[in-house]
2 protein chains.
Amino acid sequence: LITLHGIEKTYQMGDISVPVLKGISLAIRQGELIALTGSSGSGKSTLMNILGCLDRPTAGEYWLEGQEISQLSADERALLRNRKLGFVFQSFNLLARTSAIENVAMPLSYSTENLSSSEARKRAAEMLGRVGLGDRLDHYPSQLSGGQQQRVAIARALINHPPVLFADEPTGNLDSRTSEEVLQMFEQLNAEEGITIIMVTHDPKVAGHAKQIIRIEDGLIQDNAAADGP
Amino acid sequence: LITLHGIEKTYQMGDISVPVLKGISLAIRQGELIALTGSSGSGKSTLMNILGCLDRPTAGEYWLEGQEISQLSADERALLRNRKLGFVFQSFNLLARTSAIENVAMPLSYSTENLSSSEARKRAAEMLGRVGLGDRLDHYPSQLSGGQQQRVAIARALINHPPVLFADEPTGNLDSRTSEEVLQMFEQLNAEEGITIIMVTHDPKVAGHAKQIIRIEDGLIQDNAAADGP
Ligand SMILES: Nc1ncnc2c1ncn2[C@@H]1O[C@H](COP(=O)(O)OP(=O)(O)OP(=O)(O)O)[C@@H](O)[C@H]1O
Ligand SMILES: Nc1ncnc2c1ncn2[C@@H]1O[C@H](COP(=O)(O)OP(=O)(O)OP(=O)(O)O)[C@@H](O)[C@H]1O
Ligand SMILES: [Mg+2]
Ligand SMILES: [Mg+2]
């Protein structure tokens, strides 16, 4: 499904070069459930942004479903994202001036299904119910707790049933019981709908839910192995 | 040092009332190191905002160093915060258009010490060095990883050596080694400088570093007990 070959990312700050990804190569098959771990600043979000077509590498190749996409334009990448990829951001990126239910319903406007606004609203409400926020539909992000905002971001990423979900620290603001509920929902989507899931996490318990763990340090992959599952 | 008596907080959303804190009473002595836990949406950040003088309760009393402060004006609360309280926000709240070192140096302008700008800069650099960001001084928040932004927020909260530090999920975006470093720094500040520390956390390992654990559920305290320390 996904192949990365020699992916590099270097930021330019004036005359200083900041190399962040230094040659990442990996392959991800359809239906996998993968945890990406590594210390703070090691390059996980940078790698996720490239995988999620939010950013371009400075070198290397990215093959998605047989198409090499590292040099697509911003518009072409946006089209790809809206059709195929769900993304949960480390800092949520909710629209501040729209309510929880409106934030979640927003990606439905890209869907090929052409839903009526009441049908879209109904689905958004149902997805928010699945993450335990059925009684918070009309709250604005500033009227939600950190973990509630995180769950709105998760619901929004899943509303279009994307074949691939990228989740950057999806449980960082959640207590253990709510984390467990979110992870079980991910496992169910992976098992029943075959959604390919790649999640960044600092939590060994979360990584334990994955079938494969990729560890990145200082911009390079250090291990890439099957998890010793439960 | 701190006494809360029957603290309530209810939000008004049009004609709907959302009761969040339903009668919180507790006492915190100088020099304590306390963990505040509870599920997502239980009221932890709301309670922290009241304790940190960022918000006012709808009912109840808040005694800080013998002064009842629940009805202070916004200006009076700002003065109190700048002089006595350090606060690490769950969503960091860094100034987007200023660099890491400038963000950290900012509270020094409230300090009674009247530092020169080069002395202020030197101290901010040293504090950032303590959280492992000595090589990221001139990066802007958007050029930092999630965990690096969190550490800038921690450095900023500590730069004035406040007698009380409130930290809302200070390690939520940090890997276990970096988390451990931050917690050891907190323990050292508590042991050597007597700083009173109240931290919200979802992580049982973090709570394990505290001497006392307060658990809040649905706006009420469920337990308030000494931690079975190591
Ligand atoms: N401005 C507001 N208006 C209405 N409701 C609010 C507002 N701010 C917070 N709430 C509600 O108050 C409740 C408690 O929020 P709070 O942020 O204190 O939770 P928390 O314990 O910090 O949760 P988390 O662990 O997810 O950060 C939540 O259910 C939230 O929806
Ligand atoms: N726009 C940028 N310009 C310069 N450097 C950047 C930029 N964005 C990120 N960086 C640097 O790239 C490195 C990796 O960042 P990244 O966000 O990928 O880390 P991460 O592994 O997700 O960390 P965390 O676990 O803290 O979220 C960091 O050292 C950061 O300072
Ligand atoms: Mg990150
Ligand atoms: Mg909170």
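Here is how names work: the chains are called A, B, and so on, in the same order as the sequence lines, proteins then strands, and each is numbered from 1.
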inquiry  = Sort by residue number and list every residue of residues 165-177 of chain B having at least one heavy atom under 4.5 Å from chain A.
reply    =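 B:Glu169, B:Gly172, B:Asn173, B:Leu174, B:Asp175, listed by number.
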
request  = Could you tell me which residues in residues 138-148 of chain B have at least one non-hydrogen atom under 4.5 Å from a non-hydrogen atom of chain A, sorted by residue number?
outcome  = B:Asp138, B:His139, B:Gln143, B:Ser145, B:Gly146, B:Gly147, B:Gln148

inquiry  = Please enumerate all residues that pass side chain to side chain donor-acceptor pair (under 3.5 Å) together with A:Ser70, with sequence neighbours excluded.
reply    = A:Glu68

Quick check: are there more than 12 heavy atoms from other residues, nucleotides or ligands sitting under 6.0 Å from [atom1] of [X]?
X        : atom1 : result
B:Asp135 : CG    : yes
A:Arg123 : CZ    : yes
A:Arg77  : CZ    : yes
B:Asp218 : CG    : no

query = Is chain B contacted by the side chain of A:Val18, its backbone, both, or neither, given a heavy-atom distance below 4.5 Å?
reply = side chain

query = Using non-hydrogen atoms only, which part of A:Ser39 is less than 4.5 Å away from chain B: side chain, backbone, both, or neither?
reply = both

ask   = Once you round to the nearest 0.5 Å, how far does OG of B:Ser40 lie from CD of A:Gln150?
value =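 That separation rounds to 8.5 Å.
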
message = Please output the residues of residues 180-187 of chain A in contact with chain B, using a heavy-atom cutoff of under 4.5 Å, in numerical order.
response =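 Listed by number: none.
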
